[in-house]
Every structure is written in structure tokens, then in C-alpha cells.
Amino acid sequence: MASPPRLLALWGTYTRMNLVLLLRSKQQFVTYIVGDLLARAGTIAAVLLLAERFDGIGGWTQGQLLFLLGYGLMVSGIETLFFNYNVAAISRRIGRGQLDHSLLQPQPLALTFITEGFAPVDALALVLPAGVMMAGSLAAGSVAVTPLFLLSLVASLLASTVVLVGFNFLFGALAFWAPQGAEELSPAATNLLQSLKVFPLDVAGPGLRALLSSVVPAGFLAWIPSSALLGRSAPSAMTATFVAAAVVAGASTFAFHKGLTHYGHTGSQRYSDFGHRR
Amino acid sequence: MASVWRRYGATASLAAALGLGENGLVVFGYLLRLLRVVLLLSLWRSLFAGRGEVGGLALTEVLTYTLLSAAFAAQIDARTNLDEAIWNGTVISRLLRPVPLFGDFLAEMGGRWAFGLITFTAPLFVFAPLLGVSVAPRSPAAGGLFVISLLLAIAVGTALDFLFGSLIVWVDQSLWAVQYARAGMIVVLSGALIPLPLFPWGIGTVLSWLPFASMASAPLLIYVGGGGALPLLAGQAGWAVFLWWAATRVWNLSLPRMVSYGG
């Protein structure tokens, strides 16, 4: 792994590139920022309006739901911050043969993955509203905001992001074996988790809840950590998100390495005459 | 004329065959969608517990509405690949084909749907009772009117799709930013996620006047008997005529401006 100065230098470079891309024109900047925001705003507004109509959802008050939705949005923001430009949607890069571009670089692949998708300006459109939503909820005084709470919040957010990105890599690795059929698997997995994380899973039955807290880890993206942080579940529940992050990270690393080994034998069709994207 | 339809048929067949993809991984996508349906059904059961009708809809109607919305998700948010073709440059070869451009894209879209209708929609209908949902329409007439309404919904959706495609030509901006915003907003504004009558403060009434409501809310409400069928159909027909007129005009103005990079 690279030294911290090297990491910071690369993040600095990608920050400049992110700025250059987005500030090419005012129109471009507004399209990106507003587009990202609108993509999430609809569902968030719908859940809040539903909570207004039914006086909460699954025992969650409007204020608590605001925190849950803000938490989920913040996880998306952190993912965008570090893994934009299809780094998180890794199946696309593999399926399209673009992984070769990363493999050719004179640096470890892991370093490429944690720097190449760095997009702080894109992330602002998600991180800022998410922060406002969580702060608005906490300002109501439902929980005491102590240094320990803030530390737990930051750790939980990072763990949830690991679950989201790890899940994408886990399924995205299938593209090593099925470049065309699995090319869109990572975005499909992300979309599913994103669409499920906005609901408090208290409304689901025990079986569904268990499924969404294990094989399909949507619960770890907002519901489980938010429940623990807001005191709706035992503080020990907080550790569940960290355990999930470790398991998903381990499984995705294993799957990705297996896929990469397979890829070493087969390669990509991108530049061949019969490549599917030609 | 007959030969054009034959060509459309060939395009649709090819698109349908492509639906299977490389190795059946498409089934994974269906499982994910099914999971989302099950969660939404749980959500409605939880919210309606101990309540009667809300916004004029009973729980059974909302469950049917939700299942139908998932079963016909592709049709109530009809999308061709026009925007992507403009973005990646393949629209050039589309323009060279000996068939009208819109028809070509619509045929391809229809072909893609055929696969999904057989492998996801039909099984979802068959197994709906296992999820505790009745898929029977409010009446046989409602079932018939639903088919007409769904066709109008597709007409509205595809007209909006071509308008979005034209927008990409004019603004020369990121396809993805526009697509994400569109997907995020339409699922809510159309009533595909939450039935419009369930929104508080009369928001649903306002949204029902927008064209997006003609894409999902109208056919689904007609099916469950949650609204007057004739006003809903009239609204859909009005939007379909206006939007297709607008789409054709805007596209004709956009075509000379189009620059494709490809790659």
C-alpha cells in the first residue's frame, strides 16, 4: 500500500480532475449536482410524506426517519466520494475490459481503486444534504450528541460504506466469468440496496428482516446502525454493522482475487474483433 | 408497409433473444426485484394495520397496486435505448437502417419486454396468492380498461423518452446525470412507488395532473378501482397526443444539431 503522502497526492490530483470535469461549464456543473440530488430526493421525500400521512413508519417518528434517511444518503455520499467513475460499479469496468487500463498502471490495483474514483465535488451534492438531515434530526434532542456518539456515527458510516462497496465488488466479480451477462450486476445490486435502505425494516417480518440483514445486507446501510445510534436497539447492535463490514469485505476480496486469477487466463475481448462492445 | 413490420418483428426477436444475456444472470435481477416487492408489501401491511381506507384505498387494493406496479415496471416507465444510442454514437448506424428511427427503437423495446413478461411478470401473477395478494381486477371491465390504459401509459412514457433523448442533443450534457434524475423523480411523481392518493396535503391531487401520473398511477388505479376510469383515460389520451406531437417536433429540430462522439 502507498504511503500517506502518496495517497494524499493522488487524491489531490483526482480532486483537480473532478473539478476540471464538473466546472467545464456552469451548465455541466448544475446538471451533475442537481441530477445527483434529484435522483435521491424523490424517494426520500416520498418516505417522509408517507410518514406524515401515517404518523411515522414501523414505530419510527418523522424525526427518526429523517436521521435514517440522512444516514443512508451519507453512505451514498461517502461511496461517491471515494468510488465514483464506475469504481464501485466494478462489473462495468470488468465487463467492458476497462480493468486492463488499471492493471497497466505502475501501482497496486488496490491503490488505483481507492484513488481513481475520488470525486469530492460530486459527493458534495449528497454529503451536504445528508449532513443537514442528520443534524436536523439530532437537533430535536432525541439523543445526546456526545464525542462518543459522533465517534460511533463516523465509524458506523464507514462500516456501512464498506458493506455497500464490498457487496458491489462481490457480485461485480461475476463479470470476470460472464463479462456481458454480469456487466450491469454491480449497479443492479447497488440500486437494490439503495431502494431498500430507505425503509425501516421493522415493517418486515422476521424472515425478510433476517434476509435483509445477511445475504442482502440492505439493513446495514441505514436501519441497523441508525437503530443503534438512536437508542432504538441495544448499543451492542452497533457491532453488527462492523461484523457485517468485515464479512462482506473478506468475501468480496476473496471473490475478486479468484476472478482476477481467472481473468489472468482468459483476458478481455475489448480489443478483439469479436468483442461484444465493438 | 408489411415489410416494415417484418423488420420491426426481426428487431424485436433479436432484442428478446438478447434478454437471456450470457448465462441467465438476468434471473438474479428478477430475484432482487421480487425482494423489493415483498418488502413493499410488508410496508403497506404495517402502515394499514388497524386502519380502514386511506385516501380512498383499502389495504387489499394497495397490495394489488404494488404488485402490479412491480410486474409492469418496464411498461409504466417505458424506455427505449435512444438516449444511450445518442451518447455512445450508435444512433448513427440506427439512422442508416431502412426503417423509421422511432419505430426501430420501439420494436427493440418491445422485444426486450417480451422476455421479461414471460420470465417475471407472468410468474409474479401466478405466485401472487403466495404473497397474500389478489391480482384480480376490480371487475372484468376494469381489467379491459387497464389494458387500454397501459397502452396509453406506454405511449406517454415513450414520448417522454424521446423528449429526454432530444434534451441530451440540445444540452450536450452527461447522459447519466439526466438519467439518474429522471429515474429518481419519475418513480415518485408517477405513483409507481406510492399510490398518489396516499400522499398528504393534497400533493397527490396536484401530481395526478402531471403527465407522469399517466404512466403509472392511471392504469394501476383503474385496475384496482381506485379512480374514475374515464377521466383517467381521457387525461392519458390528452397527454399522449400532446407529448407525441411535441416529441416529433423537438426531435426534428434536434436531429440536425446532433453530434456523436462514440467510443
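Here is how names work: the chains are called A, B, and so on, in the same order as the sequence lines, proteins then strands, and each is numbered from 1. Hydrogens, waters and symmetry mates play no part in the numbers below; they use all other heavy atoms, side chains included.
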- Item | Pair A/Thr80, A/Asp122: side-chain N/O donor-acceptor within cut-off below 3.5 Å | no

- Do the side-chain N and O atoms of A/Asn168 and A/Glu79 include a donor-acceptor pair separated by under 3.5 angstrom? yes

- Message: A side-chain contact here means heavy atoms from C-beta on lying under 4.5 Å apart; do A/Glu116 and A/Tyr85 qualify?
- Response: no

- Item | Residue-level contacts of residues 54-77 of chain A with chain B, using a heavy-atom cutoff under 4.5 Å |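 The stretch touches chain B at A/Phe54, A/Gly56, A/Ile57, A/Gly58.
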
- Classify the ring geometry between B/Phe162 and B/Phe105 as parallel (under 30°), tilted (30 to 60°) or perpendicular (over 60°). perpendicular

- Taking every heavy-atom pair that is under 4.5 Å apart, which of B/Gly55, B/Pro200, B/Ser46, B/Ala49 has the most such pairs with chain A?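 Greatest number of close heavy-atom pairs with chain A: B/Pro200.
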
- Message: Applying ring pair (Phe, Tyr, Trp, His ring centres under 6.0 Å), can you list everything that pairs with B/Phe212, at least two apart in sequence or on another chain?
- Response: none

- Query: When heavy-atom pairs shorter than 4.5 Å are enumerated against chain B, which of A/Leu50, A/Leu201, A/Leu211 gives the highest number?
  - Reply: A/Leu50

- Residue, of A/Val47, A/Asp202, A/Val203, that accumulates the most heavy atom pairs under 4.5 Å with chain B: A/Val203

Go through the atoms of [X] and report whether side chain, backbone, both or neither lie under 4.5 Å from a heavy atom of chain A.
X	value
B/Ile203	side chain
B/Ile186	neither
B/Leu47	both
B/Leu193	side chain
B/Arg51	side chain

- Item | With A/Pro120, the side-chain contact (heavy atoms from CB on, under 4.5 Å) member among A/Leu19, A/Leu81, A/Asn84 | A/Leu81

- chain B contact via A/Leu196 - side chain, backbone, both or neither, heavy atoms under 4.5 Å: both

- Query: Relative to chain B, which segment of A/Leu193 carries a heavy atom at a distance below 4.5 Å: side chain, backbone, both, or neither?
  - Reply: neither

- Query: Which heavy atom in A/Phe167 sits nearest to a heavy atom in A/Val215, and how many Å separate them?
  - Reply: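 That closest heavy-atom pairing would be CE1-O, 3.6 Å.
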
- Task: Walk me through it: do A/Val248 and A/Phe169 pass the test side-chain contact (heavy atoms from CB on, under 4.5 Å)?
- Result: CA-CA 9 Å; A/Val248 174; A/Phe169 269 69; over 6 Å; no

Say whether, by atom type as modelled, one donor and one acceptor occur between the side chain of [X] and the main chain of [Y] under 3.5 angstrom.
X	Y	result
B/Thr64	B/Ser134	yes
A/Asn86	A/Arg93	no
A/Ser160	A/Phe220	yes

